[in-house]
Amino acid sequence: MPIQVLMPALSPTMEKGNLAKWLKKEGETIKSGDVIAEIETDKATMEVEATDEGTLGKILVPEGTADVAVNTPIATILADGESAADLAKAPAPAAKAAESAPPAAAKAEAPAPKAAPAPQAVAEPDPEVPAGTEMVRQTIREALRDAMAEEMRRDPDVFVMGEEVAEYQGAYKVTQGLLQEFGAKRVIDTPITEHGFAGVGVGAAMTGLKPIVEFMTFNFAMQAIDQIINSAAKTLYMSGGQMGCSIVFRGPNGAAARVAAQHSQDYSAWYSNVPGLKVVAPFSAADYKGLLKAAIRDPNPVIFLENEVLYGHTGEVPKLDDFIVPIGKARIVRSGSHVTIISWSNGMTYALKAADELAKEGIEAEVIDLRTLRPMDTETIVNSVKKTGRAVTVEEGWAQSGVGAEIAARIMENAFDYLDAPVARVSGKDVPMPYAANLEKLALPSAAEVVEAAKAVCYR
């Protein structure tokens with residue numbers, strides 16, 4: 001009897017995923033272990049391996065199909081001696097397969113109403129991009145991959161190391177294709193020992209190489225924090241400028257989706273507290289690419305905080321031979337005159353949604369994407385607050401000793417006489433991240449909370 005291939009669960013909490021691509025065609029011979037398809041969630045792109053041998057008899061779910069329920073039959077494998085006539089013997093697809101959304105290209109009927117797209121930082125022209133530049137749409141994981149590939153082609157001293165970055169193509173497929181292009185000497189799989197491989201990276205940087213150290217999550221980097229802070233960040237000062245450390249530590253930071261307290265912490269405030277480090281936390285695909293290239297070239301250690309939820313988001317990236325975004329420069333992504341909203345990374349999602357809602361009520365918010373947390377672009381913040389007289393900070397991390405508190409202090413020090421209301425902070429709630437989906441949602445900030453804070457400082 002033909003064997004059904006089911007939509008796999010990539011994690012214990014996964015309920016649906018997108019069938020991104022078929023790597024095998026109907027009629028092709030399949031061996032156990034062959035990669036036959038790619039599955040995409042909001043967190044990662046993963047490969048589906050065949051567990052049986054035979055021929056790919058029929059593809060039941062076309063590539064590009066969104067929201068395919070776990071355990072939905074996606075293909076049928078014919079065993080040796082079976083033919084297309086035997087496909088009728090396969091069990092009928094489960095009813096939940098009907099829940100899957102067909103690919104956009106295959107829709108012949110009138111299109112159903114589309115969900116509102118995630119906000120993108122494109123409202124204002126980017127000063128780093130020359131007028132008339134051709135743009136390409138990329139996911140953030142693709143933008144990161146291209147940034148590393150371009151820098152590795154440009155400079156033979158650049159290499160990538162971390163858990164599953166090579167053979168597995170990266171836990172979130174950010175390093176996809178790098179091993180094939182650059183080989184095992186420059187794309188290095190490490191043991192599961194963050195303290196060890198971070199130390200190897202720091203040592204390599206001290207000898208003049210330029211490592212990109214990937215952490216599967218910055219929560220795991222706590223095992224390596226001595227290497228990052230005591231070795232990488234302090235050596236230039238302690239050596240009297242004789243020994244530098246050009247290294248990038250990158251990986252997902254902050255909340256993802258139902259991965260609980262030990263995998264959900266936001267370390268923005270931790271690292272941005274440390275002299276000797278530069279700390280970057282982009283939001284848009286273009287900034288992910290341009291800032292990572294700048295980080296790799298920087299002679300100092302750079303903490304590059306990515307966001308797991310954003311990896312699959314798409315945006316426009318300039319098609320330039322060498323697109324660089326300067327570290328330490330914020331960007332005004334939406335102009336306004338009534339209140340300044342300041343955020344970074346995934347916090348920009350709430351900030352931009354809130355700005356749209358506020359505009360409906362006649363409140364024009366100016367939205368600033370910090371992009372870099374250390375050094376912080378105080379000038380852009382202060383100039384905006386001098387114009388609007390009001391400020392709201394938005395972050396997924398905790399409020400106490402948070403980045404929002406630092407921003408509020410700088411506004412008070414540099415623009416106190418221009419304030420018409422106290423600076424408001426919107427942040428994650430003061431609890432470890434819950435596992436339950438409903439509680440996780442309550443623990444994170446929301447666009448509604450940003451709207452409420454903005455209206456409060458506007459006395460509305």
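This structure is a prediction, so every number in the text was calculated from the model and none was measured.
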With a 4.0 Å cut-off, would you call [X] and [Y] a salt bridge?
X: Glu150; Y: Lys289; answer: yes
X: Lys173; Y: Glu38; answer: no
X: Arg154; Y: Asp321; answer: no
X: Asp287; Y: Arg371; answer: yes

Side chain to side chain donor-acceptor pair (under 3.5 Å) involving [X] - partner list, sequence neighbours excluded:
X: Asp34; value: none
X: Asp266; value: Asn253, Ser268
X: Glu379; value: none
X: Arg297; value: Glu151, Asp322

pair [X]-[Y]: side-chain heavy atoms closer than 4.5 Å:
X: Glu181; Y: Val187; answer: no
X: Cys245; Y: Thr235; answer: no
X: Ile3; Y: Thr76; answer: no
X: Met7; Y: Asn71; answer: no
X: Ser272; Y: Val403; answer: yes
X: Trp344; Y: Glu395; answer: yes
X: Trp270; Y: Ile303; answer: no
X: Val160; Y: Thr175; answer: yes

Checking [X] side chain against [Y] main chain: does a donor-acceptor pair fall under 3.5 Å?
X: Ser264; Y: Ala260; result: yes
X: Ser231; Y: Ile228; result: no
X: Glu63; Y: Ala20; result: no

Side chain to side chain contact (heavy atoms under 4.5 Å, CB included) with [X]: which residues, sequence neighbours excluded?
X: Pro318; value: Val129, Thr133, Met135, Ala286, Leu320, Phe323
X: Val136; value: Gln138, Val317, Lys319
X: Ala330; value: Ile368, Leu370, Asp377, Thr380

Measure across [X] and [Y] and return the closest heavy-atom pair with its distance rounded to 0.1 Å.
X: Val394; Y: Gly347; answer: CG1-O, 3.9 Å
X: Gly404; Y: Thr393; answer: CA-OG1, 3.6 Å
X: Ala205; Y: Pro211; answer: CB-CD, 3.8 Å
X: Ser345; Y: Phe283; answer: O-CD1, 3.2 Å

Would you mind listing every side chain to side chain donor-acceptor pair (under 3.5 Å) that reaches into residues 186-202, with sequence neighbours excluded?
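Every pair satisfying side chain to side chain donor-acceptor pair (under 3.5 Å) with a residue in residues 186-202: there are none.
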
How long is the span from the [atom1] atom in [X] to the [atom2] atom in [Y], to the nearest 0.5 Å?
X: His313; Y: Arg141; atom1: NE2; atom2: CZ; value: 10.0 Å
X: Trp398; Y: Met433; atom1: CH2; atom2: CE; value: 8.5 Å
X: Leu373; Y: Asn273; atom1: CG; atom2: CG; value: 12.0 Å
X: Asp67; Y: Lys16; atom1: CG; atom2: NZ; value: 5.0 Å
X: Leu305; Y: Leu291; atom1: CG; atom2: CG; value: 11.5 Å
X: Thr139; Y: Arg137; atom1: OG1; atom2: CZ; value: 10.5 Å

Between Gln262 and Asn219, does the side chain to side chain donor-acceptor pair (under 3.5 Å) criterion hold? Intermediate values first, please.
CA-CA 7 Å; Gln262 294 174 327; Asn219 295 273; over 6 Å; no

Steps toward side-chain contact (heavy atoms from CB on, under 4.5 Å) verdict (Arg374, Thr372)
CA-CA 6 Å; Arg374 185 181 185 102; Thr372 302; 5.6 Å; no

Evaluate side-chain contact (heavy atoms from CB on, under 4.5 Å) for Tyr288 paired with Val280, printing each intermediate quantity in order.
CA-CA 9 Å; Tyr288 265 96; Val280 177; over 6 Å; no

Assess whether atom [atom1] of [X] is packed by more than 12 heavy atoms of other residues, nucleotides or ligands within 6.0 Å.
X: Glu49; atom1: CD; answer: yes
X: Ile192; atom1: CD1; answer: no
X: Lys429; atom1: NZ; answer: yes
X: Gln400; atom1: CD; answer: no

If the plane angle is over 60° it's perpendicular, under 30° parallel, otherwise tilted; pick one for Tyr172 and Tyr311.
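Tilted.
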
Where does the angle between the aromatic ring planes of Tyr271 and Tyr267 fall among parallel (under 30°), tilted (30 to 60°) and perpendicular (over 60°)?
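Tilted, since the angle between the ring planes falls between 30° and 60°.
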
I need the full list of salt bridge (Lys or Arg N to Asp or Glu O under 4.0 Å) pairs touching [range], with sequence neighbours left out, sorted by first then second residue.
range: residues 433-443; result: none
range: residues 238-250; result: Glu214-Arg250, Arg250-Glu306
range: residues 233-247; result: none
range: residues 157-167; result: none

Can you list the steps and then say if Lys293 with Asp298 is a salt bridge (charged side-chain N to carboxylate O under 4.0 Å, His left out)?
CA-CA 9 Å; Lys293 285 169 66 71; Asp298 200 287; over 6 Å; no

Would Ile74 and Leu19 count as a side-chain contact (heavy atoms from CB on, under 4.5 Å) if you check the C-alpha gap in whole Å, the side-chain angles of each, and the deciding distance to 0.1 Å?
CA-CA 9 Å; Ile74 59 173; Leu19 207 160; 4.1 Å; yes

Could you check Ile77 against Val5 for side-chain contact (heavy atoms from CB on, under 4.5 Å), going step by step and ending with a plain yes or no?
CA-CA 7 Å; Ile77 295 177; Val5 181; 3.7 Å; yes

Is the terminal nitrogen or CZ of Lys278 (NZ for Lys, CZ for Arg) located under 6.0 angstrom from the six-membered ring centre of Phe304 and within 45° of that ring's axis?
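Negative - Lys278 is either too far from the ring of Phe304 or too far off its axis.
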
Judged by modelled atom types alone, do Gln169 and Gln180 share a side-chain donor-acceptor pair under 3.5 Å?
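On atom types as modelled, these side chains qualify, holding a pair under 3.5 Å.
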
